[in-house]
Number of protein chains: 2
Amino acid sequence: MKLSFQDYISIKIHQTDLNLTKFIKSKLEDFNLAPEQNLIMMLLWEKDGLTQNQLAEKLDKDKTNIARMSSNLEKKGYIYRAHPKEDRRSLMLFLTDSGKELGERVIPVAEEFNDIVCKGISSDELIELERLLTKINQNVQEQ
Amino acid sequence: MKLSFQDYISIKIHQTDLNLTKFIKSKLEDFNLAPEQNLIMMLLWEKDGLTQNQLAEKLDKDKTNIARMSSNLEKKGYIYRAHPKEDRRSLMLFLTDSGKELGERVIPVAEEFNDIVCKGISSDELIELERLLTKINQNVQEQ
DNA sequence: AAGTAATTGTTGTTATAGCAACTATCGAGA
DNA sequence: TCTCGATAGTTGCTATAACAACAATTACTT
C-alpha cells in the first residue's frame, strides 16, 4: 500500500500548525512578542512566580528553550527573574509593570485569534477534534 | 470570557505536531535524515527532477528552507542538483543511487509511522479530522 | 559530616521556519 | 536591442525545538 504524500495526516497537522503560527506571529508583531514567548506570558498572566522548570513542564518543552525564551523576555523588559531563597538553583519569573500592561493588550488579541481559528466550527466538532488529537498524541507516546 | 491556557485549540495542534515530529525524528535517525529533509525525499521518490521552486510550492515552505535542506541532502549524497538548460536560474533535484536505495528502506518506515499515528482511528474519523484541519487553515488564510 | 545522586539552569550544536536583501537570469515592452 | 520587471536561489538574521555536556545547588546515604 504505497501512500502518497498528501495521505499522511501528520503532514496535514504540521501544515496547519505552521499556518496557525504564521498567523499569530503576525498578530503579535506589534507587541514585540514571538509566538512561543507569548505562551510563557500567557501562563504568567494567569499567575506569575513560576519557575523555568514549571514552565517547561506546563509547555512540554525542553528546559533549554524555556531558558532562552525567558532570557529574551527579560531583555525585552516584560519579566524579571529571581532565585527563590528556598532553592537557589531555580529561577522564578515575575511580571514587570511593562509585562502586566502588555497582558491587558495581548489577551484580547489572543481571544480574537481563537475566535477566528474556530469560526464555523461547533462546540461538538471542537471536542471531537481535541479527542482525535489526544488519541494521536497517545499513539505516538506509547511507543 | 477569559480563556485559560488549555482552551486554545491551536496550542493542542501545536503540541501534537511537536510530538509527531519528535517521534518521526527518532524513527529517521538511523537513516541520517531529518524530518523535513524526509518530506523532500518523499516527493523525489514519487518523481525526481523537481525544482526547488516546485518543492517550495508543494511543501508550502519558504524557498530559503528548501534551498538549505536541498544543500544538506546534497552534502549527504542522497541527491544532486543541476540547472536545466531551458532556465539556468532553476535548480532541479535528482536522486543519486544512494538516495534511491534509501527510499526502499525509508518508505516502509514512513508507512509504519502512519499506521501507529492512526491506530484506533476509523476512516470516517480521519476524514472528519482532515475536514476540521482544512476548515482551520481556511479560517486563518482568509485573513 | 562527607561523598554521591539528583535537580535546575546554561551553553553549544543541529535542524527547521520565515523575512529582507542580494545576485543571476529570463521575459516583455519600447 | 535595451531597459525594466519578474523569477529562482542564496546569504544573513531571528525565533523556535531538542539533545549533549556542563556548572551550581540540593538531597540522600552512610
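Naming: A, B, ... by sequence-line order, numbering from 1 per chain.
Classification of B:E29 and B:K25 as a salt-bridged pair fails, no side-chain N sitting under 4.0 Å from a carboxylate O. Ion pairing between a basic and an acidic side chain is recognised when a charged N comes within 4.0 Å of a carboxylate O; B:E104 and B:K100 show no such pairing. Here B:K135 does not pair with A:E125 in a salt bridge; the nearest charged N to carboxylate O distance is not below 4.0 Å.
Nearest-nucleotide positions on DNA chain C place B:K25 closer to the 5' end than the other of B:K25 and A:E29. Place A:E86 and A:N72 on DNA chain D by their nearest nucleotides, and A:N72 ends up nearer the 5' end.
Counting non-hydrogen atoms under 4.0 angstrom, B:S71 reaches nothing in the nucleic acid. B:D87 comes within 4.0 angstrom of sugar-phosphate atoms only, judged by non-hydrogen atoms across all strands, and of no base. Counting non-hydrogen atoms under 4.0 angstrom, A:S90 reaches the backbone sugars and phosphates but no base. B:H14 comes within 4.0 angstrom of sugar-phosphate atoms only, judged by non-hydrogen atoms across all strands, and of no base. Residue B:I66 is out of contact with every strand shown, counting any heavy-atom pair closer than 4.0 Å.
Here the side chain of A:T64 is nearest to one of D:dA20, D:dT10, D:dA8, namely D:dA20. Out of D:dA18, C:dT10, C:dA15, the shortest distance to the side chain of B:A34 is found at C:dA15. Here D:dA18 is the nucleotide among C:dT16, D:dT16, D:dA18 with the atom lying nearest to any side-chain atom of B:K22. For A:R89, the side-chain atoms get nearest to D:dA24 when compared with the rest of C:dT16, D:dT10, D:dA24. Candidate nucleotides D:dG9, D:dA17, C:dA17 were compared by shortest atom distance to the side chain of B:Q52, and D:dG9 ranks first. In this structure, the nucleotide among D:dA18, D:dT10, C:dG18 sitting nearest to the side chain of B:L91 is D:dT10.
With a glycosidic angle no more than 90° from 0, C:dA5 adopts the syn conformation.
Within the shown strands, nothing qualifies as a pairing partner of C:dA5 under the Watson-Crick or G-U definition with both distances less than 3.5 Å. Of all nucleotides present, only D:dT1 satisfies the Watson-Crick or G-U wobble test against C:dA30, with each distance under 3.5 Å.
Atom-to-atom, NZ of A:K76 to P of D:dT14 comes out at 12 Å; the value is rounded to the nearest Å. Atom NZ in A:K85 sits about 17 Å away from atom P in D:dT25, given to the nearest Å. Atoms CG (A:L93) and P (C:dG9) sit 9 Å apart, rounded to a whole Å. One can place CG of A:L39 at 8 Å from P of D:dA17, the figure rounded to the nearest angstrom. Whole-Å rounding puts the A:N38 CG to D:dT16 P distance at 10 Å. Between the CG atom of A:L73 and the C1' atom of D:dT16 there is a distance of 13 Å, rounded to whole Å. Between the CZ atom of A:R68 and the P atom of D:dT16 there is a distance of 12 Å, given to the nearest Å. If you take CD of B:E36 and P of C:dT14, they are 19 Å apart, rounded to a whole angstrom.
Using a distance-only test at 3.5 Å, with no hydrogens or angles considered, a donor-acceptor pair links the side chain of A:W45 to the main chain of A:G99. A side-chain donor-acceptor contact under 3.5 Å links B:Q37 to the backbone of B:A34.
When the side-chain nitrogen and oxygen atoms of A:N53 are compared with OP1 and OP2 of C:dT8, one or more of them lie within a distance under 4.0 Å. For C:dG9, neither phosphate oxygen OP1 nor OP2 lies less than 4.0 angstrom from any side-chain nitrogen or oxygen of A:K63. Note on A:N65: a side-chain N or O is less than 4.0 Å away from OP1 or OP2 of D:dA18.
Applying the side-chain contact (heavy atoms from CB on, under 4.5 Å) test between B:T16 and each of A:T134, A:D17, A:L133, A:L132 identifies A:L133 as the sole match.
Remark: B:K76 NZ to B:M41 CE distance equals 10.0 Å, nearest 0.5 Å.
Not a single donor-acceptor pair, N or O on each side, falls under 3.5 Å between the base of C:dT25 and the side chain of B:R88.
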